[in-house]
Amino acid sequence: MQSNNSKTYELVLTALFVAIIVVMASTPLGYIPLVVINATTLHIPVIIGSLFLGPKKGGFLGGVFGITSFIKSSLTPTPSAFAFSPVAALTMLPHDTVGEAIALVFKSTFIAIVPRILIGVVPYFVYVGIKKAISSEKKFVYGSIINAVISFIMGFGVFAFFNKMISEGKVGFSVTVAQIIGVVVGIAAFTAIEYLFMNKDAKALGFITAGISGAMTNTLLVMGSIYIFYKDPYAEVLQIDPSALMAVIGGIISFNGVIEAIVGAVIVYLVGIVLDKIKPAGVYAGKSAKIKAVEVETSTQKMAN
């Protein structure tokens with residue numbers, strides 16, 4: 001009965017996350033305006049789904065995210081829509097042979113779907129790995145190292161945010177001040193996370209790391225795939241030389257990617273600690289059923305012996 005209840009809970013939660021993704025993809029709710037950037041939040045339901053529903057359903061939710069991106073790029077194409085929509089790619093890019101057309105379809109479908117599926121897979125295993133690390137005898141060592149990495153990312157993200165505002169003339173202080181703010185935020189983040197980890201909720205480290213890993217999976221794989229598959233046409237859209245595209249993509253990853261990772265980490269943590277009280281993260285019905293089956297089989301063998 002408990003297994004059936006768990007499966008029903010997961011089906012309801014899956015349907016809820018699918019609805020959230022669709023609504024966010026079709027409305028401005030999928031983006032948070034942050035003065036100099038609109039940080040996407042579409043990956044966040046996928047990350048949370050991965051943690052509480054397992055990698056299979058998480059991958060399914062990621063696929064839903066990818067399909068919404070595919071549809072949106074096809075119906076309301078932007079100059080770079082070819083990267084996410086085979087329809088837009090066939091319309092916007094030259095292809096003289098059937099083979100070239102098939103290649104365009106494959107590349108655009110890959111960029112739109114595969115990285116998004118992995119958003120629903122990677123965070124689960126990151127969370128489980130972190131949970132195992134902080135359950136070991138060297139809990140405090142592993143926890144502090146992971147916390148240091150997270151805090152560096154957060155501090156760097158804040159610096160990048162203010163540095164962007166400085167370059168656009170939106171604030172009046174210098175880059176040095178932005179660096180100091182970034183360092184202060186990094187230290188404050190380390191202190192706060194360390195306090196939560198040591199005294200309150202050790203799972204906080206897992207949720208925060210999972211949020212960052214999911215967001216960076218999306219940014220790194222999408223931008224990396226665009227560089228590999230569509231280097232020249234994407235550079236043409238940006239009106240830059242193809243040789244300069246790597247630096248531009250590096251800037252996008254270090255700014256957009258890091259900001260979105262920070263936003264993801266915060267929201268995944270806040271939602272995660274609430275849902276974890278209802279059903280622990282990192283455990284899903286399929287996994288539980290397999291564990292129970294193994295326990296029953298082992299018990300049967302012992303009785304037979």
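Residues Phe190 and Phe152 keep their aromatic ring centres 6.0 Å or farther apart.
In this structure, CG on Leu11 lies 12.5 Å from CG on Leu16, to the nearest 0.5 angstrom. In this structure, CD1 in Ile21 is found 8.0 Å from CG in Leu42, a value given to the nearest 0.5 Å. Put simply, OG1 on Thr14 and NZ on Lys56 are 13.0 Å apart, with the number rounded to the nearest 0.5 Å. Interatomic distance, Ile166 CD1 to Thr176 OG1, rounded to the nearest 0.5 Å: 8.5 Å. In this structure, the separation between OG1 on Thr217 and CD1 on Ile117 is 13.0 Å, given to the nearest 0.5 Å. Atom CD1 in Ile226 sits 12.0 Å away from atom NZ in Lys107 (nearest 0.5 Å).
Of the possible donor and acceptor atoms, none in the side chain of Ser50 sits under 3.5 Å from a partner among the backbone N and O of Gly58. With Thr41 contributing its side chain and Ile44 its backbone, the two residues share no donor-acceptor pair below 3.5 Å. The backbone N or O of Ala148 lies less than 3.5 Å from no partner atom in the side chain of Ser151, so there is not a single donor-acceptor pair. With Ser254 contributing its side chain and Gly251 its backbone, the two residues share a donor-acceptor pair below 3.5 Å. When atom types are taken as modelled, the side chain of Thr68 and the backbone of Phe65 share a donor-acceptor pair closer than 3.5 angstrom. A donor-acceptor distance shorter than 3.5 angstrom exists from the side chain of Ser213 to the backbone of Ala210, with no hydrogens or angles considered.
Sorted by first and then second residue, the pairs that involve residues 69-95 and meet ring-ring contact (aromatic ring centres under 6.0 Å, His included), not counting sequence neighbours, are Phe82-Tyr230.
Clustering ILVMFWY residues whenever any of their side-chain heavy atoms sit less than 4.5 angstrom apart, transitively, puts Tyr234 in the very cluster that holds Val105. Hydrophobic clustering, with ILVMFWY side chains joined whenever heavy atoms are under 4.5 angstrom apart, groups Val266 together with Tyr269. Tyr127 and Leu270 fall within a single hydrophobic cluster, where Ile, Leu, Val, Met, Phe, Trp and Tyr are joined by side-chain heavy atoms under 4.5 Å apart, directly or via other members. Hydrophobic cluster membership is shared by Met246 and Leu221, with clusters built from Ile, Leu, Val, Met, Phe, Trp and Tyr side chains linked at under 4.5 angstrom.
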- Task: Could you give me the CA-CA distance, side-chain angles and deciding distance for Met223 and Ile228, then say whether side chain to side chain contact (heavy atoms under 4.5 Å, CB included) is met?
- Result: CA-CA 9 Å; Met223 297 310 301; Ile228 293 170; over 6 Å; no

- Message: For a side chain to side chain contact (heavy atoms under 4.5 Å, CB included) check, start with the C-alpha distance between Val184 and Ile181, then their side-chain angles and the critical distance, and finish with the verdict.
- Response: CA-CA 5 Å; Val184 170; Ile181 294 173; 5.7 Å; no

- Task: Step by step, work out the side chain to side chain contact (heavy atoms under 4.5 Å, CB included) result for Ile240 and Val248.
- Result: CA-CA 9 Å; Ile240 61 173; Val248 173; 3.5 Å; yes

- Message: Does Leu275 form a side chain to side chain contact (heavy atoms under 4.5 Å, CB included) with Ile48? I'd like the steps, not just the answer.
- Response: CA-CA 9 Å; Leu275 289 180; Ile48 297 172; 3.8 Å; yes

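Taking each heavy atom of Met216 and Ile253 in turn, the nearest pair found is CE-CG2, 4.0 Å. Residues Gly63 and Ile113 come closest through the heavy atom pair O-CD1, 4.3 Å. Summarising the geometry of Leu245 relative to Lys231, their closest heavy-atom pair is CD2-O, 3.4 Å, with the distance given to 0.1 Å.
Using a 4.5 Å cut-off on side-chain heavy atoms (C-beta onward), Phe161 and Ile262 make no contact. Leu13 places a side-chain heavy atom less than 4.5 Å from the side chain of Leu53.
Counting only N and O atoms by type, the side chains of Ser85 and Ser73 include no donor and acceptor under 3.5 Å apart.
Evaluation of the ring-ring contact (aromatic ring centres under 6.0 Å, His included) rule for Phe229 yields Phe110 as partners, not counting sequence neighbours.
Within a 6.0 Å sphere centred on CD of Glu236, heavy atoms belonging to other residues, nucleotides or ligands number 12 at most.
The one candidate from Ile267, Val274, Val268 that meets the side chain to side chain contact (heavy atoms under 4.5 Å, CB included) condition with Val271 is Ile267.
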